[in-house]
Participant: 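This is the structure I want to talk about, given as structure tokens.
Remember, it's a predicted structure, so these values are computed and weren't measured experimentally. A note on names: the letters A, B, ... follow the listed sequences, proteins ahead of strands, and every chain is numbered from 1.
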Protein chains: 2
Amino acid sequence: MTYGMMIEALAAPTRRAVFERLAQGPASVGEVAKGLPVSRPAVSQHLRILKEARLVSERREGVKRIYAVDPEGLAVLRRYFDRFWDQALDNFKRSIEGGDT
Amino acid sequence: MTYGMMIEALAAPTRRAVFERLAQGPASVGEVAKGLPVSRPAVSQHLRILKEARLVSERREGVKRIYAVDPEGLAVLRRYFDRFWDQALDNFKRSIEGGDT
DNA sequence: CATACTGGTAAGTGATGACTTACGGAATGA
DNA sequence: TCATTCCGTAAGTCATCACTTACCAGTATG
């Protein structure tokens, strides 16, 4: 069910923006907040959700906390959609072959 | 921005269940509703969202409406995640190569 | 110690959204 | 035409959630 949390995490536009920012490269909370039209606490809350969903990881560096996307989490999501992709192609093929006996 | 609508569409658990049911094969509204713990109108509303997001397509068959997943929509989502996958691998490589001089 | 950064947490608010029941409307079969 | 089956839509409700401001804790630097 972990992919469920991931999809829900990426559903909120602002949170998706946070994630896409981190995809460009690791950043601190303040750095992410600077590029977004929301407050820093809002970003902090979004990062918590993303971290719980295993989409980003946190690394402490002195007084800062550096967040980065977690490749393993992304892999889970990719596998999820790949599965449906295969099923969809299967169904599509079957429907063409007129197999609705 | 169409992938945004898609992710938001798949965020709701019930709606994701509707989509996953259709991934197994096309079905009518009633058939989908029969396998879920929600009312038929609820399923109907979910299907509308999924259709607007281009994740499913509708085909009229007599008095019935057959819904099926739209492979093109799925392709858009896959491309979206593939892009981040590539970026994530790039960042990962860079971080290993100790490039934080 | 005092100050200035960092950032997580609490509490409150306004909006969104996922449901329900009730209804209407189109196609089939007698 | 009448009844039946299929389904979308309207309206209302309850919960969730994304955001704000205010506050507090930890780490450097004078």
Participant: Rounded off to whole Å, could you give me the CG-to-P distance for the Leu36(B) and dT20(C) pair?
Facilitator: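 Taking atom P of dT20(C) as the reference, CG of Leu36(B) is at 11 Å.
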Participant: With sequence neighbours excluded, tell me which residues meet ring-ring contact (aromatic ring centres under 6.0 Å, His included) with Phe81(B).
Facilitator: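 Phe81(A).
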Participant: Specify the separation, in whole Å, of atom CZ of Arg60(B) and atom P of dG25(C).
Facilitator: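 Answer to the nearest Å: 15 Å.
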Participant: If I compare all heavy atoms of Gln87(B) with all of Gln24(A), which pair ends up nearest, and what's the gap?
Facilitator: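 Shortest heavy-atom contact: OE1-N, 4.3 Å.
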Participant: How many Å lie between OH on Tyr67(A) and P on dG8(C), as a whole number?
Facilitator: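 Going from Tyr67(A) (OH) to dG8(C) (P), I get 4 Å.
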Participant: Respond yes when some side-chain nitrogen or oxygen of Ser44(A) is under 4.0 Å from OP1 or OP2 of dG8(C), and no when none is.
Facilitator: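 Yes, because at least one side-chain N or O of Ser44(A) sits under 4.0 Å from OP1 or OP2 of dG8(C).
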Participant: May I have the distance from Ile66(B) (atom CD1) to dG8(D) (atom P), rounded to whole angstrom?
Facilitator: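 Spelled out: CD1 on Ile66(B) to P on dG8(D) is 11 Å.
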Participant: If we check side chain to side chain donor-acceptor pair (under 3.5 Å) with Arg48(A), which of these qualifies: Glu52(A), Gln45(A), His46(A)?
Facilitator: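 For Arg48(A), the side chain to side chain donor-acceptor pair (under 3.5 Å) test succeeds with only one of Glu52(A), Gln45(A), His46(A), which is Glu52(A).
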Participant: Tell me: CG of Leu47(A) to C1' of dT6(C), nearest whole Å?
Facilitator: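 Spelled out: CG on Leu47(A) to C1' on dT6(C) is 14 Å.
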Participant: Take the protein atom CZ of Arg65(A) and the nucleotide atom P of dG26(D), then report the distance between them rounded to whole Å.
Facilitator: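 So the CZ-P distance, Arg65(A) to dG26(D), works out to 11 Å.
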Participant: Shortest non-hydrogen contact from Ser28(B) to Lys64(B)?
Facilitator: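 The pair with the smallest heavy-atom distance is CB-CD, 4.4 Å.
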Participant: Is Arg16(A) paired with Glu8(B) through a side-chain N to carboxylate O contact shorter than 4.0 Å?
Facilitator: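 Judged by the 4.0 Å cut-off on N to carboxylate O distance, Glu8(B) and Arg16(A) do form a salt bridge.
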Participant: With the threshold set at 4.0 Å, does a side-chain nitrogen-carboxylate oxygen contact exist between Arg65(B) and Glu61(B)?
Facilitator: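 A salt bridge is absent here (no side-chain N lies under 4.0 Å from a carboxylate O).
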Participant: What integer distance in Å separates Glu52(B):CD from dG8(D):C1'?
Facilitator: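 Rounded to the whole Å, the gap is 13 Å.
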Participant: Grouping I, L, V, M, F, W and Y whenever their side-chain heavy atoms are under 4.5 Å apart, do Tyr80(A) and Leu10(A) come out in a common cluster?
Facilitator: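 Cluster IDs for Tyr80(A) and Leu10(A) match.
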Participant: Assign Arg40(A) to base, sugar-phosphate, or nothing according to its heavy-atom contacts below 4.0 angstrom with the strands shown.
Facilitator: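 Base, at least one base atom sits under 4.0 Å.
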Participant: Nucleotide by nucleotide, 5' to 3', does protein get under 4.0 Å of the base (B), only the sugar-phosphate (S), or neither (-) in nucleotides 10-19 of chain C, counting heavy atoms?
Facilitator: B-------SB
Participant: Between Glu31(A) (CD) and dT6(C) (P), how many Å, whole number?
Facilitator: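 That distance rounds to 10 Å.
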Participant: Quick check for you: among dC5(C), dG8(D), dT5(D), whose closest atom lies nearest to any side-chain atom of Val63(A)?
Facilitator: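 Nucleotide nearest to Val63(A)'s side chain: dC5(C).
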